[in-house]
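Quick notes on the structure that follows.
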Amino acid sequence: MEWSATSATKAFLDTLKLCNDYKIRCDSWRTQEPESNEFISALAAGMKSKLIVEVSPGVSPSTLALAAAARHTGGRLVCILPERVLAESKKVIKDSGLKDIVELKTGDPAELLSHYGNIDFSLVDCKNDDYERLLKLLDVNPERSVVVANNLVSEKRGLEGTVKGLERVEVRSMKHPIGSGMEITMIGKTNDIEKIRPSSPKARRIDRVDIKRKTFKSNWVVKVDEESGEEHVFRVPEYA
């Protein structure tokens, strides 16, 4: 599973710009915690994902983040969302210059997911009441893929290292304190997972900094080791 530090860094920076630009135009996005978006964008781009699928209640910062990743890998993003938000979602995608990269699909997510196989990178928003079933319906690329369960709050459970139908491949899940909480499941050969999985010191180390202060902002900062090509992502607080 080859890792591209260059693509990851470019997608990270692209996501920062896309989300910040849209936040200026849309008040409803200003209160959303941003760092998870840059993280998933860098992860999707770094592993050179071609087919990216998102199941979401509507176009959100995570949609722009995944679209940014697809732009830097030459891939595409399929976003499955409710019919009622289609018009608004189309406007956001068009205004962000992502129309040629993002395919918006409406309908029953369970039915629509059956049309996509060997998915390289997928994200399911766990605000969907049927999220557990949708996670299990994903047809992932057994050679190398990532599944993100986003907004995994409270007692909600993700894949927890179990993906049915896969044999002789490694499946590892880890829950991260990013955004509202997310589980990242890495699928592929053992050696490949060790190269890129977020908890591996060989790929990217996440240092979570807890500051007991009422007001602060934080961002993910990407640093690349020029000698080894390894990438490290750090969460850095910025005091208000």
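Evaluation of the salt bridge (Lys or Arg N to Asp or Glu O under 4.0 Å) rule for R133 yields D130 as partners, not counting sequence neighbours. By the side-chain hydrogen bond (donor to acceptor under 3.5 Å, both in side chains) test, N150 is found to be paired with no residue, residues two or more places apart in sequence or in another chain being considered. Listed by chain and residue number, E2 satisfy the salt bridge (Lys or Arg N to Asp or Glu O under 4.0 Å) test with K48 (two or more places apart in sequence, or in another chain). Scored by the side-chain hydrogen bond (donor to acceptor under 3.5 Å, both in side chains) test, E160 finds R157 as partners (sequence neighbours excluded). By the salt bridge (Lys or Arg N to Asp or Glu O under 4.0 Å) test, K50 pairs with no residue at all, sequence neighbours left out. When the side chain to side chain contact (heavy atoms under 4.5 Å, CB included) test is applied to K127, the partners found at least two apart in sequence or on another chain are D125, N151. The side chain to side chain contact (heavy atoms under 4.5 Å, CB included) test applied to I119 returns L51, V53, Y116, S122, L138, not counting sequence neighbours. With sequence neighbours left out, K91 forms a salt bridge (Lys or Arg N to Asp or Glu O under 4.0 Å) with D95. Remark: S7 pairs with S4 by the side-chain hydrogen bond (donor to acceptor under 3.5 Å, both in side chains) rule, at least two apart or across chains. With sequence neighbours excluded, no residue forms a side-chain hydrogen bond (donor to acceptor under 3.5 Å, both in side chains) with K90.
Applying the salt bridge (charged side-chain N to carboxylate O under 4.0 Å, His left out) definition to pairs two or more places apart or across chains, those involving residues 105-124 are D120-R144. Sorted by first then second residue, the salt bridge (charged side-chain N to carboxylate O under 4.0 Å, His left out) pairs that include residues 59-76, not counting sequence neighbours, are D14-R71, R76-E103.
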